[in-house]
6 protein chains.
Amino acid sequence: MKKLVLTGAAGRLGSYLREPLTKLADTLVSTDLVEDIGKLYDGESYVKADLSKLDEMMAVLEGADMVVHFGAIGDEAPFDDILQSNIIGAYNVWEAAYQQGVRRVVYASSIHAVGMYPKTEFIGTDVPHRPDTFYGLAKCFAEDLGSLYWDKRQLESVCMRILSAAQVNNPRSLGSWLSYDDLIHLVETSINTPVTGFSIVYGVSNNDRAPVDNHKASFLGYRPKDNAEQFAEKVLAESEHLDPTDLTHMCQGGPFATVEIGNSGLANMNVVDDKKTT
Amino acid sequence: MKKLVLTGAAGRLGSYLREPLTKLADTLVSTDLVEDIGKLYDGESYVKADLSKLDEMMAVLEGADMVVHFGAIGDEAPFDDILQSNIIGAYNVWEAAYQQGVRRVVYASSIHAVGMYPKTEFIGTDVPHRPDTFYGLAKCFAEDLGSLYWDKRQLESVCMRILSAAQVNNPRSLGSWLSYDDLIHLVETSINTPVTGFSIVYGVSNNDRAPVDNHKASFLGYRPKDNAEQFAEKVLAESEHLDPTDLTHMCQGGPFATVEIGNSGLANMNVVDDKKTT
Amino acid sequence: MKKLVLTGAAGRLGSYLREPLTKLADTLVSTDLVEDIGKLYDGESYVKADLSKLDEMMAVLEGADMVVHFGAIGDEAPFDDILQSNIIGAYNVWEAAYQQGVRRVVYASSIHAVGMYPKTEFIGTDVPHRPDTFYGLAKCFAEDLGSLYWDKRQLESVCMRILSAAQVNNPRSLGSWLSYDDLIHLVETSINTPVTGFSIVYGVSNNDRAPVDNHKASFLGYRPKDNAEQFAEKVLAESEHLDPTDLTHMCQGGPFATVEIGNSGLANMNVVDDKKTT
Amino acid sequence: MKKLVLTGAAGRLGSYLREPLTKLADTLVSTDLVEDIGKLYDGESYVKADLSKLDEMMAVLEGADMVVHFGAIGDEAPFDDILQSNIIGAYNVWEAAYQQGVRRVVYASSIHAVGMYPKTEFIGTDVPHRPDTFYGLAKCFAEDLGSLYWDKRQLESVCMRILSAAQVNNPRSLGSWLSYDDLIHLVETSINTPVTGFSIVYGVSNNDRAPVDNHKASFLGYRPKDNAEQFAEKVLAESEHLDPTDLTHMCQGGPFATVEIGNSGLANMNVVDDKKTT
Amino acid sequence: MKKLVLTGAAGRLGSYLREPLTKLADTLVSTDLVEDIGKLYDGESYVKADLSKLDEMMAVLEGADMVVHFGAIGDEAPFDDILQSNIIGAYNVWEAAYQQGVRRVVYASSIHAVGMYPKTEFIGTDVPHRPDTFYGLAKCFAEDLGSLYWDKRQLESVCMRILSAAQVNNPRSLGSWLSYDDLIHLVETSINTPVTGFSIVYGVSNNDRAPVDNHKASFLGYRPKDNAEQFAEKVLAESEHLDPTDLTHMCQGGPFATVEIGNSGLANMNVVDDKKTT
Amino acid sequence: MKKLVLTGAAGRLGSYLREPLTKLADTLVSTDLVEDIGKLYDGESYVKADLSKLDEMMAVLEGADMVVHFGAIGDEAPFDDILQSNIIGAYNVWEAAYQQGVRRVVYASSIHAVGMYPKTEFIGTDVPHRPDTFYGLAKCFAEDLGSLYWDKRQLESVCMRILSAAQVNNPRSLGSWLSYDDLIHLVETSINTPVTGFSIVYGVSNNDRAPVDNHKASFLGYRPKDNAEQFAEKVLAESEHLDPTDLTHMCQGGPFATVEIGNSGLANMNVVDDKKTT
């Protein structure tokens with residue numbers, strides 16, 4: 001592959017992807033809103049660009065083979081903010097990719113597109129959307145956008161519904177954890193699978209308690225290696241009794257399942273790592 | 001019911017709904033972008049309002065019990081146009097409805113939210129989205145919005161996926177036709193069903209060739225009476241042999257399944273009635 | 001058929017079945033706990049018998065071809081009462097039927113065996129049990145008993161899950177109503193279908209708003225004729241706005257979905273007709 | 001349509017189709033193994049041809065738009081007989097149709113392709129095959145052939161799985177009956193539906209006791225009008241008690257479910273009309 | 001956790017659980033019908049109590065956080081015996097748990113609740129019941145009881161459908177074996193999962209030939225480690241050819257699938273280990 | 001086991017099976033069309049026999065316990081060739097097996113029976129057939145034959161749908177590879193499983209990218225050990241960009257999904273190893 005583009009390169013997850021992605025293409029173009037992303041890796045260049053501007057996305061994606069799209073507000077936020085960065089931003093990425101002849105969008109979708117399902121249902125990759133926030137709603141939008149561009153324009157997409165990429169420090173994360181190594185493996189396989197069409201896959205490690213079903217995406221070859229169960233004894237010992245009628249504990253979306261819509265103050269609710277991640 | 005609001009009241013389908021809706025509430029407030037909607041029915045008043053402005057929606061929905069939301073661009077169009085009227089417009093309706101204590105949104109969704117499915121699959125109301133156009137993509141967005149507002153804010157929605165409300169003048173419409181009487185019945189039952197939660201139902205008449213499955217929405221009590229088969233002999237006699245590998249003929253979305261994305265010139269493709277409807 | 005037995009013959013539903021059942025067999029033996037059931041129909045005899053006594057059931061079922069089992073407490077009740085009449089009673093009927101060579105049990109099961117499902121799911125006859133009361137729990141038990149006696153002893157059963165046989169005087173009954181004529185048709189077809197194995201079928205009229213799916217029982221030939229929609233305008237006009245988050249309105253079981261378990265005072269909750277029925 | 005071909009035109013079902021089919025095309029070419037088929041209808045011509053000879057099929061299908069393929073041994077028979085007429089014969093029809101540019105094969109498949117399913121399962125058109133005889137096995141073969149020619153060569157097929165076209169004179173036929181009028185309607189709609197791809201539909205009247213599920217074929221517009229229930233009282237009165245553990249009574253295939261494989265003497269088992277039909 | 005209760009502590013499986021359970025709570029109260037259970041483990045106390053007496057269960061469960069309910073007749077038995085110990089006993093445990101504010105019942109259910117399914121179907125945890133004995137029927141009852149108490153009273157349950165906990169000494173056990181280590185792991189995870197609602201999970205080791213599907217219970221984190229395949233060569237070498245039409249070999253329930261209902265003499269049928277277990 | 005028969009013993013896959021199979025029975029009779037199969041293993045004898053001749057199959061199968069049926073044309077071929085070897089040949093094997101009292105046919109079926117499904121669907125063992133060639137059509141026929149002989153004659157079959165047994169030298173084989181060790185394990189478990197009825201299982205190694213679902217066949221105990229992912233880096237590095245709209249890359253059947261029907265020249269298309277295998 002000649003040119004790969006990474007959006008959201010300055011974000012928490014994007015930062016981890018920069019180095020591994022340089023190994024998959026002659027050139028990695030990292031992009032984000034910051035002026036400077038610090039020291040560059042071999043084969044990497046940085047371009048400041050705003051997702052909400054189609055012309056800037058057009059410039060960044062010129063000549064690219066694929067784009068790994070992680071750029072977005074990574075938390076619940078007021079609708080107008082989500083609209084600009086996560087909805088219009090997604091449109092700009094897919095539209096520019098199409099116009100520039102890019103072959104595939106590898107997209108950081110999220111469990112929050114289906115966050116209102118109870119964990120007791122073991123949802124697959126083919127359930128209807130059931131978002132838990134505006135943040136999740138924008139993920140739904142981008143997935144449907146990917147479906148449309150594949151059906152109508154043969155632009156492939158892999159939508160990786162990341163569960164949570166934080167530390168394992170609460171009971172939910174024993175099931176939802178995606179380790180950095182597994183994240184990298186997931187992105188790599190989403191890139192190197194020869195043909196994907198429009199695909200959805202859950203981004204979760206090989207946790208004993210993983211509550212989602214990736215079978216229908218098996219052809220992608222994603223086989224996570226890490227397992228949050230190593231942290232179970234400690235986490236459960238420190239955890240209080242949880243109320244089973246509280247949707248925070250019963251639903252896939254965790255704290256997003258009960259947060260007030262549009263409320264960006266999730267960080268103040270002491271669920272820091274869940275919030276920052278997907 | 002005291003107050004009912006109808007958006008898109010000046011549109012083709014909206015016009016047909018005005019009179020029947022006046023019988024379901026003390027007051028019907030019709031709204032659209034035009035200055036004047038002509039002669040009003042008993043109990044009806046008209047308010048000019050722009051869907052893309054939240055404050056205007058807030059004013060219109062004050063004190064309303066339910067809103068029947070038909071306002072939107074009724075054709076494929078460039079993304080920026082769809083964004084304003086159909087995406088932001090939908091957000092404004094649901095958000096204003098929530099803030100004003102409205103109980104339910106009865107929404108004119110469309111088959112084009114799932115237009116890329118082949119008719120040979122007999123899709124139900126619970127298949128994942130598969131839009132065929134930006135127009136359909138906006139319908140997907142609004143449905144997911146309805147799901148979110150029900151799960152998080154207990155605002156009910158009935159999403160009526162209308163197949164086609166045009167005349168029966170081509171082979172597709174033998175299956176997809178929704179007569180005006182059945183449209184009215186569908187809207188009425190979506191309003192008078194005591195409890196709906198978030199529901200999806202296909203808007204199609206009792207056609208012999210109806211290609212969609214409404215069983216899961218049976219509790220709504222929608223039982224269409226008209227049947228396009230009365231027109232079959234004439235329509236089929238006038239129809240040429242259709243190519244089965246042409247997605248226009250095989251897919252639920254009909255001509256939308258093959259139209260170029262963002263192209264608003266569908267009217268010139270001689271599929272006038274399909275385009276104007278849903 | 002030579003001999004047919006009807007249990008619960010003095011009950012509300014049983015009373016309606018006595019005359020029609022006399023036409024299906026040379027002899028109808030009606031049975032219940034009362035001393036005297038009043039004027040007998042041609043071909044009918046009455047035997048007082050206690051369901052909770054196996055020997056009495058053995059005597060009643062001697063030489064019978066089939067038994068129509070409607071005898072049970074027809075309301076939620078303390079567990080010990082349900083245990084005697086509805087659980088042990090069911091066992092006695094199936095065991096006596098087996099020992100006496102009876103071919104089939106036609107059983108008045110109830111929607112309350114699955115009453116906690118939301119109506120928005122359109123449940124079929126093959127969903128796992130989800131009872132709403134001890135009353136419903138006993139129906140689950142009897143259905144499983146019927147399954148066991150078919151698989152192990154080739155004694156057939158048709159479990160008719162009656163929704164509600166009361167008047168149509170509240171919104172729930174617009175969907176759940178089973179008219180007396182349709183009840184009689186259902187019992188007749190459950191008897192005259194040549195082979196049934198172990199089957200489950202919902203007892204509901206052809207209501208526009210019927211919330212359950214009988215397709216898998218289609219071979220039984222049950223096609224109800226009545227439709228509660230004739231009462232819809234009046235019932236809905238008299239009904240207040242219902243809270244969609246109240247399980248009474250959202251669940252199949254109606255008021256049973258929220259009644260306190262074991263509480264037999266449902267009659268005092270103004271839901272008289274729902275309570276008395278199934 | 002210019003030219004339509006009917007195979008098996010001298011057979012019991014084929015005979016009924018000749019006249020109606022003349023109305024659907026300028027020319028109907030009827031074909032069978034007999035020398036002479038008697039008086040011809042307007043627009044009909046007759047050609048003697050052997051299904052087991054590819055060149056004869058090639059000649060018959062030259063210039064045809066569609067072929068209605070009813071020619072085959074209509075009973076269980078030794079494998080070698082089935083091989084020639086029903087397996088090789090089917091191949092010859094599809095291959096000749098492809099080579100001659102025919103657009104669609106309308107095929108008389110049979111319930112016996114899935115005859116070993118119990119009626120209590122209400123099978124749809126998408127269950128895996130489960131044949132009950134060599135006769136049914138050949139129907140499976142032809143259906144798979146139709147699937148192959150559609151996927152690889154864009155030759156359409158409608159496989160009509162006829163249940164039984166005999167008189168209603170036994171309990172099974174109360175569910176399985178296909179009236180002649182409904183047969184004609186089914187063939188007509190299979191022809192006039194503009195696009196079918198590869199489709200399967202059950203050929204059964206609108207019987208109360210119909211044990212199969214045609215929902216997934218709804219887009220074809222087949223809505224049967226006749227109902228065997230009109231004969232139920234008489235048939236059931238004359239019927240003896242049936243053993244529910246006898247697969248003849250429990251399985252879709254009826255007597256074929258228990259007949260010895262390859263045994264063509266079904267006529268002597270007093271199930272004449274079942275045997276002759278499908 | 002402060003207090004944990006174990007019923008059936010003197011039984012074969014219960015005996016294995018006593019020591020591990022002492023590590024999960026400050027106090028383990030073991031209970032059974034015997035006078036004395038022998039040497040106690042640290043933190044363990046023993047109380048003799050009769051499951052069929054509600055007041056005794058009330059006393060034992062006072063102040064408990066959870067109850068692990070293994071007490072029951074562990075074999076097929078006459079109905080009256082099953083009724084007292086397994087049906088009324090289950091009611092007493094759930095009712096006392098509810099009244100005492102216990103949070104969860106971890107229940108030893110059994111494959112015999114669904115024992116009549118053929119192994120070729122790979123049943124999940126959401127199939128309808130299909131019991132093979134009165135023993136299995138009582139398991140069905142207790143599962144439905146657990147469903148009811150969760151839906152109506154928010155008392156959680158985990159129903160562990162144990163396949164067989166015996167030695168691996170016959171072909172069935174190559175698939176059905178649950179090792180003691182895996183049993184302990186299963187009980188532990190059923191206890192330590194923070195939120196379970198009403199859940200069903202199969203109790204089976206990681207056998208190559210395990211015939212049941214636990215995917216829907218994945219969030220519980222049960223990952224068995226042992227595998228009966230280590231015994232396969234020996235067991236198969238010693239096994240005779242099995243008749244595939246014998247339900248003992250084809251059904252999940254093994255010998256229970258063909259034992260006469262109510263017959264407690266299974267021990268004399270040389271299937272000792274299957275009988276004693278679940 | 002006393003006598004085991006292997007057909008196609010001189011073929012590529014058959015050759016690998018000869019030695020392992022000698023260990024499973026007192027006598028292995030290998031058979032094929034060649035005069036001489038070379039050096040025999042202990043316990044092996046060789047008989048030249050023609051699959052298309054029933055009497056020769058009768059002789060070979062006399063006294064056999066099971067037959068492992070790998071004999072067939074292993075490539076797409078003209079229909080008449082497939083008819084003789086793969087269709088009539090299959091019939092002869094099953095019919096002779098039945099007449100000789102053989103207990104089970106272990107059959108080399110193929111992914112090409114369902115080759116037209118896209119890999120993005122993750123098909124299970126219970127999807128309807130969807131063959132990609134005459135070669136695949138014959139596999140469909142043989143599977144249906146196996147179903148028939150089980151349902152009607154209690155002759156068991158295990159249909160192993162082999163994906164590809166070639167080297168891993170192209171992207172498709174990263175998912176479809178079946179190693180020789182896993183092939184042997186699959187055949188062994190298909191033989192030693194005590195009861196199989198009629199079963200279907202995919203023959204594929206434990207590849208990260210395996211695109212098919214074997215869960216429903218879990219009771220057979222097939223757990224492959226090899227994983228083609230070890231070759232992924234090299235294979236993907238050497239592979240060019242693949243067109244996602246080319247069915248060769250999207251469908252299960254690989255090059256068979258696009259080869260012209262009946263065309264045996266697949267070897268010249270540079271897909272040698274795919275062609276020779278299944």
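Keep in mind the model is a prediction, meaning the values are calculated, not measured. A, B, ... follow the sequence lines: proteins, then strands. Residue 1 opens every chain.
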Rounded to the nearest 0.5 angstrom, the CZ-CG distance for C/Phe122 and B/Asp126 is 12.0 Å

**Study point:** C/Tyr180 OH: over 12 foreign heavy atoms closer than 6.0 Å
**Key:** yes

Legend entry - Heavy atoms of other groups near B/Glu62 CD, more than 12 under 6.0 Å: no

Against chain B, residues from residues 207-215 of chain C with at least one heavy atom under 4.5 Å, in numeric order, are C/Asn207, C/Asp208, C/Arg209, C/Ala210, C/Pro211, C/His215

Minimal heavy-atom distance between C/Thr120 and B/Ser199, with the atoms involved, is CG2-OG, 4.3 Å

Under a 4.5 Å heavy-atom criterion, the part of residues 218-239 of chain C in contact with chain B comprises C/Asn227, C/Leu236

query = Would the number of heavy atoms belonging to other residues, nucleotides or ligands and lying under 6.0 Å from NZ of B/Lys152 be above 12?
reply = yes

Whatever's closer than 4.5 Å to a heavy atom in chain C on B/Thr196 counts as backbone

If one checks every heavy atom of B/Arg104 against chain C at 4.5 Å, the contacting part turns out to be neither

Residue from C/Glu121, C/Lys119, C/His241, C/His249 scoring the most non-hydrogen pairs under 4.5 Å with chain B is C/His241

Among C/Asn206, C/Thr245, C/Asp246, C/Leu242, the residue with the most heavy-atom pairs under 4.5 Å to chain B is C/Asn206

